[in-house]
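One structure is given below, encoded as structure tokens.
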Amino acid sequence: MVHSATDILIIGGGIIGLLTAKFLSEEGHKVTLLERKQPAQESSWAGGGILSPLYPWRYPDSVNQLAQWGHQYYPTLANSLRQQTHIDPEYYQTGLLIAAPDEIDQAQTWAEKFGHSIGILDESETLCCEPRLKKPDPATIWLPDVANIRNPRLGQSLIKSVALSGVNIIPDTEVTQIVQSQGRITEVRTTNHTYSASQYLVAAGAWSSTLLKNILPDFPVYPMKGQMILFKTKPGEIKRMLLKEDRYIIPRKDGHTLFGSTLERVGFDKATSPTTKTELASIAQDWFPVLKTAPIVKHWAGLRPASPEGIPTIAQHPEIKNLFINAGHFRNGVILGAASAQLMSNLILSQTPIIDPTPYEIAPTL
Ligand SMILES: Cc1cc2nc3c(=O)[nH]c(=O)nc-3n(C[C@H](O)[C@H](O)[C@H](O)COP(=O)(O)OP(=O)(O)OC[C@H]3O[C@@H](n4cnc5c(N)ncnc54)[C@H](O)[C@@H]3O)c2cc1C
């Protein structure tokens, strides 16, 4: 039996699928979301929730434009999710310190271009900002308006919000085949039933290439593992996010403090390693000696949907007009997710796009 009472069928219940479902359902469309396991449990659960690309000036404008939209939208989103669902995603504006002394000029140019506040702090100013840091650099980049959000809570509040607006979330349903005929997708087969819709969206994160292997064999998204550890500290003990040599610390409102992360290209392997746990803990404790007495309460890994230059694909398939893709957000899917989902919704509904969609189109095959 084919289930077909839906306008748009979304495959994948991470932040990208959920946010796109939110925008589409708010426009009055009937949306069904198929999720292999439970929604918001993969990369979107595992991430740190820093609401900025890491070293944003290293990214092309196409990434920063999505980030900029998200930067402005997140306070409103977090507030409305809290009011609507009574689950607080804990938007927390701690600011972000970045130790990158050789990149101060690029950081200042970026801040001016995208309208961000920036300071360059000397050692004593950095210590004022973050008194428990052992050894501040002589010059640290300070982005006071960067916030973080608590991924698991953001996920749960989004699930509740889209369910309240009528989205049919179907968990434990893995799409095994996307069927096309005469230039259109006609149905998707799953481990349970077959579903059909007017339009289809693939938002399956790191698994998107697997799902699209017969339709877009060269789709350039692949898994990149990241391991994180979580300390239990006192609220306010660590005050600011700090990024240094590609590692970062993220304080949460209740005192939990995340430290991460690794970048490991090891396929779909989500195993954690005790050696990595020790390495991460030792760097964190070197930065912040107070963490030597803080228990590590969790250690996990997630699979980022890696893509060339971290530029996501947010596009209609060039030939199969009822197929859309929103995937490949790599290290920045939370901050890029809001604009990506809004843009995707614009494209599906043939509305004026919030930003120029050209940089996110599917690369033509050679
Ligand atoms: C350690 C780590 C730290 C990070 N830190 C940050 C950060 O600080 N800031 C930031 O912005 N981003 C961060 N990220 C990146 C961010 O988490 C991701 O870019 C984002 O979550 C991707 O969302 P997604 O919805 O595309 O993928 P996912 O969250 O992985 O969701 C994809 C979903 O699709 C489902 N699925 C897959 N195949 C199928 C199928 N065949 N049928 C049905 N369902 C399917 C999966 O089960 C999954 O639920 C981090 C990621 C990691 C791992």
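Just so you know, ligand 1 is whichever comes first in the structure, and atom 1 is the first atom listed for that ligand. This chain uses plain numbering: 1 for the first residue, then up along the sequence.
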Of the choices [options], which has the non-hydrogen atom that lies closest to [atom]?
{"atom": "atom 18 (C) of ligand 1", "options": "Ala46, Gly13, Ser43", "value": "Ser43"}
{"atom": "atom 19 (O) of ligand 1", "options": "Trp207, Phe330, Trp300, Trp45", "value": "Phe330"}
{"atom": "atom 31 (O) of ligand 1", "options": "Gly205, Pro312, Gly14", "value": "Gly14"}

For [atom], the protein heavy atom that lies nearest, with its residue and separation:
{"atom": "atom 21 (O) of ligand 1", "value": "Ser44 OG, 2.9 Å"}
{"atom": "atom 43 (C) of ligand 1", "value": "Arg36 N, 3.2 Å"}
{"atom": "atom 6 (C) of ligand 1", "value": "Arg331 O, 3.5 Å"}

request  = Show your working on side chain to side chain donor-acceptor pair (under 3.5 Å) between Asp356 and Gln65 and close with a plain yes or no.
outcome  = CA-CA 10 Å; Asp356 175 11; Gln65 272 154 7; over 6 Å; no
Is the closest N or O pair between [X] and ligand 1 shorter than 3.5 Å?
{"X": "Ala40", "value": "no"}
{"X": "Ser52", "value": "no"}
{"X": "Gly302", "value": "no"}
{"X": "Gly48", "value": "yes"}
{"X": "Val334", "value": "yes"}
{"X": "Leu303", "value": "no"}
{"X": "Ala206", "value": "no"}
{"X": "Met228", "value": "no"}

query = Taking the six-membered ring of Phe259, is NZ or CZ of Arg247 closer than 6.0 Å to its centre and within 45° of its axis?
reply = no
query = Do we see a donor-acceptor contact under 3.5 Å between the side chains of Gln316 and Glu361?
reply = no
Backbone N/O of Val179 and side chain of Arg189: donor-acceptor pair under 3.5 Å = no
Is the closest heavy-atom distance from [X] to ligand 1 below 4.0 Å?
{"X": "Gly49", "value": "yes"}
{"X": "Leu336", "value": "no"}
{"X": "Pro305", "value": "yes"}
{"X": "Gly260", "value": "no"}
{"X": "Tyr248", "value": "yes"}
{"X": "Gln41", "value": "no"}

message = Ignoring hydrogens, what is the shortest heavy-atom contact between Ile16 and Ala203? Give both atom names and the distance.
response = CG2-CB, 4.1 Å
query = What's the shortest heavy-atom distance between Gly47 and Met228, and which atoms?
reply = C-CE, 3.9 Å
Within reach of ligand 1, part of Leu51 (heavy-atom separation under 4.0 Å) = neither
Throw together a table of side-chain donor-acceptor distances under 3.5 angstrom for residues 88-99, partners on residues two or more places apart or in other chains.
residue: Asp88; atom: OD1; partner: Glu90; partner atom: N; Å: 2.8
residue: Glu90; atom: OE1; partner: Arg150; partner atom: NH1; Å: 3.0
residue: Gln93; atom: NE2; partner: Pro144; partner atom: O; Å: 3.1

